Colleague: 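Handing you a structure now.
Just the heavy atoms: all of them, side chains too, but no hydrogens, waters or symmetry mates, feed the values below. On a predicted model such as this, the values are computed, not experimentally measured, just so you know.
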Amino acid sequence: MVTTATADSPTPPSSKRNKLALHQHPSSPLLPGLPDHVAQFCLSHVPPSLLFSVSRSWRRLLYSPSFPPFSSLYALLSSSSNSLDFFNFDPISSKWSPLPPPPNSPSSHLLIHHPSFLSRHLPVQSLSVSGHLLLLAATTHNLLPALPRPLLFSPFSNSWRLAPPLPTPRRWCAAGALRGSVYVASGIGSFFSTDVARSVERWDLKANGAGDWEKVSGLKDGRFSRDAIDAVGWKGKLCMVNVKGHALKEGLVYDLEKDEWEDMPEGMIGGWRGPAAAMDEEDMYVVDEVSGSLRRYDSERDFWEDVMESNRLKGAVQMAAGGGRVCVVCGGSRGEIVVVDVVASPARLWVEPTPPGTEVVAVHVLPRMNWAADS
């Protein structure tokens, strides 16, 4: 049974406290002649795809809470009925599985199309932070903010919980994660307010998500309330622009240590020509939505260096990075996710189709969910 809890609930127990999880499934030894805890250490160095294919006991080990999790895809998908649902794609079994529904099923109140905006999707903003998925901001049918309390999903417990209430629920904001905290900047509440458009709020998950939102240094003006923006956490800083794509834009960088905003370096903003994401907050990538070029930022030279170029990447609208992969959603083919292995040399690209009849709204890279895999 899936349960939900409030944001001050304790975090899932660590792997050290879950070492007995394997014994819930009596079976033959993992490796004959070795205690299971020693065998588990040895098998943790084996590629997950091999563990999955050899035996059921190894497959159960692969998905147990005590075993190091592999990365998988989490996607917000829309269907022809305008419903919105989160799914998980397991790259080892190549299966899509729905996440349990959030409390109070807010997806039925989230709007992605409206008669006044037929030519575009209304944004539904979500992000990944500290191995969790956060549903943060969206629009209701009366064009008001839909989420007074964001929703947090844990792959470790397979459950949702409510985050603390935002001081001002909003939409069309800039949102990102940095060093285990969520940042929400600018945006529009129930009506436009200069104070809201300049405000920046932070929620720290490092304290078990028990704290409230707190204000940090605000913006100098309200120019970042024009679009729904993915802010990128990178090397102790939060980087964001005020509009998407190739349009002329402004860029700001928040320095966590100084609690100050500064102008984005010229080379960084000049090459920010599409969606961007960072790998473990260390390597930042961008996809040029026109040319289909994937590039990595070199801070020493203030320059975006080419990783690869592909027609598959043209029209990129959103991206995520993790586990050595960059995952991209493109506007012309929302029924698939383009995946690039940036660790391989040269970089390798392939496509993961979504379930039939669905389109991708957003994609994230997070640890796989914990469950028994008996089939």
Colleague: Hey, is CZ on Arg202 packed in by over 12 heavy atoms from elsewhere, all under 6.0 Å?
Modeller: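 Yes, CZ of Arg202 has more than 12 neighbouring heavy atoms, counting only those of other groups under 6.0 Å.
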
Colleague: Can we say Lys95 and Asp90 salt-bridge, meaning some charged N sits less than 4.0 Å from an Asp/Glu carboxylate O?
Modeller: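 Looking at Asp90 together with Lys95, the answer is no, because their closest N to O distance does not fall below 4.0 Å.
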
Colleague: With Ser293 as reference, evaluate Lys314, Glu309, Arg273 under the side chain to side chain donor-acceptor pair (under 3.5 Å) test and give the passing residue.
Modeller: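 So, applying the side chain to side chain donor-acceptor pair (under 3.5 Å) to Ser293 and each of Lys314, Glu309, Arg273, only Glu309 qualifies.
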
Colleague: Do the side chain of Lys206 and the main chain of Asp204 share a donor and acceptor less than 3.5 angstrom apart?
Modeller: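 Side chain of Lys206 to backbone of Asp204: no pair is present.
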
Colleague: Check Asn88 against Ser72 and note the closest heavy-atom contact, atom names and distance.
Modeller: ND2-OG, 3.0 Å

Colleague: Looking only at heavy atoms, which two atoms of Asp212 and Pro164 are closest? And how far apart?
Modeller: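 It is OD1-CB, 3.9 Å.
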
Colleague: How are the rings of Trp304 and Tyr297 set to each other: parallel, tilted or perpendicular (split at 30° and 60°)?
Modeller: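 Trp304 vs Tyr297 ring planes: tilted.
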
Colleague: If only atom types and distance count, is the side chain of Tyr74 paired as donor or acceptor with the main-chain N or O of Pro367 below 3.5 Å?
Modeller: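 Side chain of Tyr74 to backbone of Pro367, a donor-acceptor pair under 3.5 Å: yes, one is there.
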
Colleague: Mark yes or no for whether Asp302, through its side chain, and Met268, through its backbone, hold a donor-acceptor pair below 3.5 Å.
Modeller: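 Confirmed, Asp302 side chain pairs with Met268 backbone.
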
Colleague: Could you tell me whether Glu262 and Lys237 make a salt bridge, using a distance below 4.0 angstrom between a side-chain N and a carboxylate O?
Modeller: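 Answer for the salt bridge query: yes.
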
Colleague: Is a donor on one side and an acceptor on the other found under 3.5 Å between the side chain of Ser154 and the backbone of Phe156?
Modeller: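 Flag set: sc Ser154 to bb Phe156 pair under 3.5 Å.
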
Colleague: Does Trp234 reach the main-chain N or O of Asp283 with its side chain, forming a donor-acceptor pair under 3.5 Å?
Modeller: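 Here the side-chain-to-backbone pair does not exist.
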
Colleague: Can you check side-chain hydrogen bond (donor to acceptor under 3.5 Å, both in side chains) on Ser199 and Arg170, steps first, answer last?
Modeller: CA-CA 11 Å; Ser199 68; Arg170 61 191 77 189; 3.1 Å; yes

Colleague: So, for Tyr63 and Met369, which heavy atoms are closest and what is the spacing to 0.1 Å?
Modeller: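 Scanning both residues completely, I find the closest heavy atoms to be CD2-O, 4.2 Å.
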
Colleague: Check whether any side-chain N or O of Asp280 sits under 3.5 Å from a backbone N or O of Glu282 as a donor-acceptor pair, and report yes or no.
Modeller: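 Flag not set: sc Asp280 to bb Glu282 has no pair under 3.5 Å.
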
Colleague: In terms of ring plane angle, is the pair Trp160 and Phe86 parallel, tilted or perpendicular, where the classes change at 30° and 60°?
Modeller: tilted

Colleague: Taking the six-membered ring for Trp, are Trp96 and Phe87 parallel (under 30°), tilted (30 to 60°) or perpendicular (over 60°)?
Modeller: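 The arrangement is perpendicular - the two ring planes meet at more than 60°.
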
Colleague: May I have the step-by-step check of side-chain hydrogen bond (donor to acceptor under 3.5 Å, both in side chains) for Glu201 and Trp203, ending in yes or no?
Modeller: CA-CA 7 Å; Glu201 308 278 352; Trp203 178 42; over 6 Å; no

